[in-house]
Structure formats: structure tokens, C-alpha cells
Number of protein chains: 2
Amino acid sequence: MGNHLSAKARAILDFIARTQAERGAPPTLREIGRRFGIRSTNGVRYYIDRLELEGLIRRRPGAARGAIPEAPTAPGLAILGQIAAGDPVLSEEQIEGRLDLERLERGSPDFALRVRGDSMKGAGILDGDMVLVRQDPTPRDGEIVVALIGDESTVKRFYRRGERVVLQPENTDFDPIVVTESSPQLRILGKVVGVYRETV
Amino acid sequence: MGNHLSAKARAILDFIARTQAERGAPPTLREIGRRFGIRSTNGVRYYIDRLELEGLIRRRPGAARGAIPEAPTAPGLAILGQIAAGDPVLSEEQIEGRLDLERLERGSPDFALRVRGDSMKGAGILDGDMVLVRQDPTPRDGEIVVALIGDESTVKRFYRRGERVVLQPENTDFDPIVVTESSPQLRILGKVVGVYRETV
DNA sequence: TTGCGAACTGAACATTTGTTCAGTATCTTT
DNA sequence: AAAGATACTGAACAAATGTTCAGTTCGCAA
């Protein structure tokens with residue numbers, strides 16, 4: 001034993017997980033209620049609260065079908081903070097989090113783009129690196145973006161200067177690109193949310 | 001060719017599939033619209049209709065998040081080579097490969113380590129970056145390694161010089177570390193097979 | 001027998017979300 | 001030059017769905 005969760009709560013968790021797997025989306029509160037003979041959505045909510053407290057369910061408040069079972073196994077790579085001498089590298093104490101490309105903290109990317117040239121060397125983005133891009137045509141000042149200038153895609157830092165947009169390289173060997181905001185030559189594809197490189 | 005579905009429609013399908021995989025439930029019409037710059041839910045509906053006609057999407061009418069992809073798509077992120085103007089970003093022609101952290105081309109990493117300090121700045125590894133490490137105590141000359149020197153873990157370039165091992169920073173502000181190969185102070189944890197950084 | 005917590009009921013209510021409809025701008029085709 | 005097709009916009013609407021609140025029932029402990 002040791003687990004203070006009722007059999008009914010378990011059955012509900014199982015139902016949610018199975019529904020999600022079978023048809024691609026979790027059930028609604030009312031669907032759960034119908035299945036278990038609970039007539040009030042609040043009765044179902046009572047169980048969802050319980051499951052969430054146990055960490056068995058993740059919840060997105062307000063969203064339809066927002067009760068989502070936590071995956072049993074953690075995906076991605078273990079992130080270590082500072083490695084301590086002594087105990088083995090992958091021991092629990094050393095694990096700071098998990099790295100999963102499709103679930104970043106700050107915003108999950110839509111695609112990766114291979115970078116050509118050294119114009120962003122100063123920002124640690126080298127020739128051949130891949131930038132992870134979140135599609136978003138409205139970057140904020142100072143963010144690194146992927147832009148299409150005419151026929152060329154380019155990675156630069158984005159600044160708005162009145163009517164104009166400045167695409168600023170981070171390498172003194174290169175000059176900034178300045179265009180009017182409404183230019184048909186300019187298309188902002190998205191912003192860079194991550195950088196990735198394979199070495200060796 | 002052969003398939004009469006627009007590149008944008010494909011990109012939307014990809015987004016739906018990925019959203020479903022990542023958070024357990026498909027996106028709403030408005031979420032799709034926001035992502036693709038389509039302001040009217042009916043504009044999104046137009047694409048969903050199209051995808052359903054092609055049999056790529058199953059639909060549960062009236063249900064929230066009712067558009068569910070029929071077939072799972074490839075895991076990982078699409079890697080684009082050079083983006084061509086004209087058709088939208090995620091069209092098949094532009095996809096060069098797929099990026100999956102747990103299946104790299106050159107050797108899959110065992111863990112990720114957060115880097116402290118700027119000693120490898122010249123190699124494009126900045127403070128706060130994560131290096132992806134393959135556990136391997138026998139690096140080749142010139143490879144970047146993670147080493148434990150006494151109690152400190154450090155990321156440096158590895159060189160063998162006769163009896164000695166040189167751990168070389170890539171920043172002129174730092175000095176190389178030289179130790180004898182058999183020193184109990186030195187432990188090579190593995191080699192860096194990738195670098196990863198979240199921006200913004 | 002009273003009190004208390006677990007497990008709900010019932011009924012609003014507020015949002016979220018899908019649906020429908022009437023248009024429009026931009027193409028390409030006729 | 002007119003007719004369609006494509007790819008939407010905008011607005012209104014209704015249905016689906018999560019949230020909240022005030023109670024209720026029942027078993028069990030004090």
C-alpha cells in the first residue's frame with residue numbers, strides 16, 4: 001500500500017488515459033461523469049483535483065479537455081547542473097531537469113533551420129548550427145529572428161526603428177540590413193528560441 | 001507533386017499532430033489561427049475541411065479540439081536547409097531531415113550538462129549553454145570533453161602531450177590546464193557531441 | 001448524539017470553442 | 001471582361017465545457 005488513492009480515482013485516471021490514447025484527446029468532465037455515474041461535474045472535479053495533487057494529472061485551467069495524464073516515463077535527456085565528484089553522474093541528486101526539444105520551457109519550436117555564415121558569431125551562433133524557430137511574425141525588439149529578405153533567409157537580431165526594421169548581425173565584419181517595415185521584400189518567419197549544434 | 005494539398009495545409013497538419021503529441025490534446029481552431037496568422041476561425045476551418053477530405057484528419061463534430069490527425073507523424077523537428085521564398089516553410093520540399101535529441105547522427109548523448117563560464121566562448125559555447133555529453137572516457141585528440149578536475153567539472157578541448165593531458169580553453173582570458181594522464185585528480189566523463197541553448 | 005470529512009448533487013455562470021453566414025481580395029480561366 | 005475558384009475576414013451564435021458555490025448524504029469517530 002502506501003498509496004492513499006481510492007480505487008475509483010484510479011479507475012478514473014485509467015479512463016482518462018485510455019480515452020486519450022484511443023481517440024487522441026482526453027475526455028470532458030461530463031464524459032467522465034457519465035461513465036462513472038457521477039451526475040455533477042463538480043463531483044468529477046473532486047477526483048481530478050485529487051489526481052492532480054498526486055501528480056498523476058497535468059491540468060490546463062479553463063481549457064476544454066484540459067485534464068491530461070502525466071507520461072509515466074520522463075522523455076528527453078537528463079540535465080545535470082553541477083557534477084559532484086563521488087557519486088555516479090546520473091544519480092537522482094544531480095538531475096536538474098529534462099531536456100526535450102518539443103517541450104522547451106520558453107516556447108516550443110516549429111522547425112529547425114541550418115545557419116549559413118558567421119554573421120551571428122557574437123551571439124554564439126556559428127556556421128552550420130541549427131536554430132530552433134518558433135513561427136511568429138511579430139518578434140519583440142532585440143529578439144533573434146529568421147527573416148526572408150527577397151529570396152534569402154537570414155538570421156539576425158531584430159530591431160524596430162520607427163518605420164524601419166533593422167536586422168543586426170552580431171559580427172563586426174557584417175553590416176546591418178535596414179528595410180521599411182511594410183516592404184514586400186521582408187518577411188519575418190519566426191523567432192529563434194534555441195540553438196543546436198552537433199560537434200565532433 | 002502527385003498530391004494536390006497545399007504546403008500550408010501540410011504545415012497545419014504537422015502543427016496539429018505535434019500539439020497533440022506534446023501536450024496530449026489537439027489545438028483549437030483559434031490556436032491554429034493564431035499560429036498561422038489566420039484571423040478568422042472560418043479560415044482555419046477551410047483547411048481542416050481540406051485535410052478531412054484527404055483523410056488526413058478525423059473529426060468529431062461539435063467537440064472541443066475535435067480535429068485529430070489520422071496517422072502519427074515523424075518524431076522530432078523538421079530541419080530545413082535553405083528556405084525558398086514563395087511556398088510556406090514546412091512544405092515537404094524544404095525538409096532536409098529531422099532533429100531528435102535522442103537519435104543524433106554522430107552519437108547519441110547520455111546526458112546534458114549546463115556550462116558555467118565563458119572559457120569555451122571561442123567554440124561557440126556560452127555561459128548557461130547545455131552541452132550534450134556522450135559518456136566515453138577515451139576521447140580523441142582535439143575533441144571537446146567534460147572532465148572532472150578534483151571537485152570541479154569543466155568543459156575543455158582535449159589534447160594528449162606525451163605523459164600529460166592538456167585541457168585547452170577557447171578563450172584567451174583563460175589558461176590551459178595541464179595534468180598527468182594518470183592523475184587521480186583527473187576523470188574524463190565523456191565527450192561533447194552537441195551544444196544546446198535556449199534563447200529569448 | 002454530535003461532529004466531521006469524504007463524496008458527492010444541483011444549479012447557475014462564464015468561457016471556450018465549433019458552426020454558420022455573408023462578404024471580399026486576388027488569382028486564373030474562359 | 002466576366003466567371004469561378006481560392007483563401008480568406010468579420011460577426012454573430014449556439015453548443016460544449018470548465019468553474020464556483022451552496023447544500024446534502026452517509027459512514028465513522030468521539
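Just so we're clear, the structure is a prediction, and the values are computed from it rather than from any experiment. Letters A, B, ... are given to chains in the order of the sequence lines, protein chains preceding strands, and every chain is numbered from 1.
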Between A:Glu31 and A:Thr28 (side chain of the first, backbone of the second, donor and acceptor by atom type, cut-off under 3.5 Å), is there such a pair?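 The answer is yes, because a donor-acceptor pair under 3.5 Å joins these two groups.
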How do B:Arg50 and B:Ala63 order along DNA chain D: which one's closest nucleotide is nearer the 5' end? B:Arg50
Note: for B:Val44 and B:Ala64 on DNA chain D, the residue whose nearest nucleotide lies more 5' is B:Val44
Do A:Arg34 and A:Phe36 meet the cation-pi criteria used here (NZ or CZ under 6.0 Å from the six-membered ring centre, within 45° of the axis)? no
Thinking salt bridges, do A:Arg161 and A:Asp141 make one under a 4.0 Å N-O criterion?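 Yes, this pair counts.
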Nearest whole angstrom, please: distance from the [atom2] of [N] to the [atom1] of [X].
X       : N      : atom1 : atom2 : answer
A:Ile38 : D:dT25 : CD1   : P     : 18 Å
A:Leu29 : C:dT9  : CG    : C1'   : 15 Å
A:Ile16 : D:dG18 : CD1   : C1'   : 14 Å
A:Arg60 : C:dT15 : CZ    : P     : 18 Å
A:Arg58 : D:dG18 : CZ    : C1'   : 17 Å
B:Ile48 : C:dT17 : CD1   : P     : 14 Å
B:Arg34 : C:dT16 : CZ    : P     : 10 Å

Given the rule that I, L, V, M, F, W and Y join up when any side-chain heavy atoms are under 4.5 Å apart, are B:Leu189 and B:Val155 in one cluster?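 Same cluster: B:Leu189 reaches B:Val155 through Ile, Leu, Val, Met, Phe, Trp or Tyr contacts under 4.5 Å.
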What I want to check is whether an N or O donor and acceptor connect the side chain of [X] with the base of [N] at under 3.5 Å.
X       : N      : value
A:Arg30 : D:dG18 : yes
A:Asn42 : C:dT9  : yes
A:Thr41 : D:dG18 : no

Touch check for [X], heavy atoms < 4.0 angstrom, all strands: base, sugar-phosphate only, or nothing?
X       : answer
B:Arg45 : base
B:Arg39 : sugar-phosphate
B:Thr28 : sugar-phosphate
A:Arg65 : sugar-phosphate

By nearest heavy atom, map A:Tyr46 and B:Gly66 onto DNA chain C; which one lands nearer the 5' end?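 First, find each residue's nearest nucleotide; the 5'-ward one identifies A:Tyr46.
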So which heavy atom on A:Ile68 is nearest to which on B:Arg23, and how close?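 Heavy atoms only, the tightest pair is CD1-O, 2.8 Å.
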